[in-house]
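Lettering follows sequence order; numbering is per chain, from 1.
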Amino acid sequence: MIAEDANQGLADKLYLVKYEIDEENCHLIIKDEETCRRCEEKPCIDRCPAEVYRWVEDEEILEVAYENCLECGACQIVCPYDNIDWSYPRGGFGVAYKYG
Amino acid sequence: MSESEGAIAPKFDVIVVGAGPAGVAAATVCARAGLETIVFERGRKPGVKNVMGGVLYTRPTAEVFGEFWKDAPLERCVIEQNAWILTEDSAIKLGYRSRQFAEDIPNSFTVLRVRIDEYFAQQAEAAGALIINETKVDEVLQEDGRAAGVRTGRPEGEVYAPIVIIAEGVNCELTKALDMQSDLRLEDAASTVKEIIRLDREVIEDRFSLGPEEGATIEMYGASTQGMLGTAFLYTNQESISLGVGVLLADAVKDHTTPFDMLKQLKQHPVVAPLIAGGESGEYMSHLIPEGGYNRLPALFGHGVMVVGDAAQLVNGLHREGSNHAILSGKMAAETAIEAHEKGDFSAKTLHKYRQRLEKEAPTMNDLRKYRRATGFMERHPWMLSLYPQLAADSIADMMTVDPETKRTKQWNIVKDVIRRGWIPRMVWDAIDGGRSLI
Ligand SMILES: Cc1cc2nc3c(=O)[nH]c(=O)nc-3n(C[C@H](O)[C@H](O)[C@H](O)COP(=O)(O)OP(=O)(O)OC[C@H]3O[C@@H](n4cnc5c(N)ncnc54)[C@H](O)[C@@H]3O)c2cc1C
């Protein structure tokens, strides 16, 4: 547990969250990388509560840190090109809240 | 039992997908009637995937779980409810407090989902339902145009039943795959984040003037969502505070503020900060709330299948009611499943009784219908949560400030200001359209 301090960053918060990471399967799949390159807004990045999506400028790819996913489902809805093949992690994997 | 462990019987009377309140209520009622009932839950145990504010309403819950308040892991009995309108640095506060809410049948309790979902699941198991954790349903199997069972991620994971009750929550992948619902749009869901802030019991009771088991709730509008369509909430638990904020995705995408930043700003708000000061962060979480309501109901039933709870968009966002509709819809789907088994007819002809029950025996359909124009209203009047809070706060501040101006002059200044800004036509339209849409 860490003292509540309004300056804490997201990383500190995610550190408190318990996950069972599925090392074999990524449950968030970008259907077509070219589509993300053309996408101007990239709302997936700002709408994600856990900063799962990050635009890597020099490689021009969308990096997906699926291990941090809180499984809310917002990214799938906000993607203007329906370009995220979204599913929940396999049974037993993913986030496991203590309080909820 | 988990996905990797042993085999389970291939045939049941009822399959339920999801062990949230909707699914577990359905399973409990089915099992009590003697139906062989199996529930699949993708989480390690019921509750670990789930988030709510959360206020649990006693009466609808008791319809399935009896006098649960006598032994369930509840946080506090809500005796005070507040609605605050925030501007950037001030708040207009309105509240209602009464011990009556705690007497006889208490009205509502604050809860933490991981604890309460596990308790409800134990009730279902006691009634005879089988709950299989760590198992995701990947597909609803169909035979001759009717639901016939499910395929899970387990080895030899196909299980059959003449009735499948889908209680998968807001991200309704299975419901969509059956063409019973279309893809959710930006207007159909609010994105929420919530944090548990741990504080000593005595500190909470002092800060909110509460007795040992008493709780308070605060809903916050206006600057709490930076004027976007949404609300923030603060609920007292035994030894923590649930603080969260949610915004309709349609509004959220117009802005670059992330959900995390919005929560952070809420915590720094001068009216909120003192209430959580000195606390320790216990958990950060996120979840969607269905907001499509009546306009976005899925096909609630088909041959051999019924959809309940959040998967069916059965949430009244304006009154933060979801768990109650989840439990009641689960119960009514179960009663319909029992009837279908008695008749031996699992077709839509029998299962349409589920919708009839929701119309007649629960407030669900009527309440959703009443607010079917609410979201549209807010879209047409996007200034509702920014203009009025600021205007009201400024006016109150002005009237309360003691200076050489007379009260009459102060009043007149407020009116002149409104006229000068050209707000009168807008206000008339707000009132007329608001009356039509919300009352
Ligand atoms: C921030 C927030 C605050 C809220 N506050 C309140 C409140 O104060 N009062 C109130 O009454 N309501 C509130 N709600 C709404 C309430 O939480 C929901 O309406 C309620 O939880 C719906 O119950 P459900 O059983 O339909 O869905 P859920 O609770 O979402 O349960 C669905 C279950 O299905 C499981 N599942 C999903 N897919 C699969 C699959 N394919 N295979 C196996 N398992 C699967 C999930 O893991 C989950 O356990 C709030 C919601 C949020 C997000």
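- Screening residues 64-79 of chain A for salt bridge (charged side-chain N to carboxylate O under 4.0 Å, His left out), with sequence neighbours left out, gives A:Glu71-B:Arg42, A:Glu71-B:Lys49.
- Heavy atoms closer than 4.5 Å to chain A are found in both the backbone and the side chain of B:Val253.
- At a 4.5 Å heavy-atom cutoff, the contact between B:Leu249 and chain A is made by side-chain atoms alone.
- Your options are B:Arg44, B:Lys45, B:Glu173, and the one with the most heavy-atom pairs under 4.5 Å with chain A is B:Glu173.
- For a residue to count as touching a neighbouring chain, one of its non-hydrogen atoms must lie under 4.5 Å from one of that chain's; by this rule B:Asn171 touches chain A with backbone and side chain alike.
- Residue with the most contacts toward chain B among A:Ile77, A:Leu70, A:Asp82: A:Ile77 (heavy-atom pairs, distance under 4.5 Å).
- With a threshold of 4.5 angstrom between heavy atoms, B:His256 approaches chain A through its backbone and through its side chain.
- Between the CG atom of B:Leu184 and the CD atom of A:Gln76 there is a distance of 7.5 Å, given to the nearest 0.5 Å.
- Looking at B:Met262, there are no atoms closer than 4.5 Å to chain A (heavy atoms on both sides), in backbone or side chain.
- For the residue pair B:Val193 and A:Pro49, the shortest heavy atom distance occurs at CG1-CB, 3.6 Å.
- Both the backbone and the side chain of B:Ala252 come within less than 4.5 Å of a heavy atom of chain A.
- The environment of B:Glu139 atom CD is dense: over 12 non-hydrogen atoms of other residues, nucleotides or ligands sit within 6.0 angstrom.
- The two residues B:Leu288 and A:Gly73 make their nearest non-hydrogen contact at CD1-C, 3.9 Å.
- The number of heavy-atom neighbours closer than 6.0 Å to CD of B:Glu88, taken from other residues, nucleotides and ligands shown, is 12 or below.
- The heavy-atom pair separating A:Cys48 from B:Pro259 by the smallest distance is O-CD, 4.0 Å.
- Between the CZ atom in B:Phe260 and the CG atom in A:Asp46 there is a gap of 14.0 Å [rounded to 0.5 Å].
- Neither the backbone nor the side chain of A:Glu51 comes within less than 4.5 Å of any heavy atom of chain B.
- Here the side chain of A:Tyr99 pairs no donor or acceptor atom with the backbone of B:Met285 at under 3.5 angstrom.
- There is no contact between B:Thr192 and chain A, counting heavy-atom distances below 4.5 Å.
- Side-chain contact between A:Gln8 and B:Ser281 is present, with heavy atoms from C-beta onward closer than 4.5 Å.
- Summarising the geometry, atom OH belonging to B:Tyr284 is positioned 5.5 Å from atom CG belonging to A:Leu10; distances are rounded to the nearest 0.5 Å.
- In this structure the side chain of B:Ser191 never reaches within 4.5 angstrom of the side chain of A:Arg47, judged on heavy atoms.
- In terms of heavy-atom proximity, A:Gly100 sits nearest to B:Val114 at N-CG2, 3.7 Å.
- Between A:Lys13 and B:Lys264 the shortest side-chain heavy-atom distance does not fall below 4.5 Å.
- The part of B:Lys194 that comes within reach of chain A is its side chain, from C-beta onward, which places non-hydrogen atoms under 4.5 angstrom from that chain.
- Scanning both residues, B:Lys136 and A:Pro89, for their nearest heavy atoms gives CD-O, 3.3 Å.
- Counting only heavy atoms from C-beta outward, the side chains of A:Tyr97 and B:Glu283 approach each other to under 4.5 Å.
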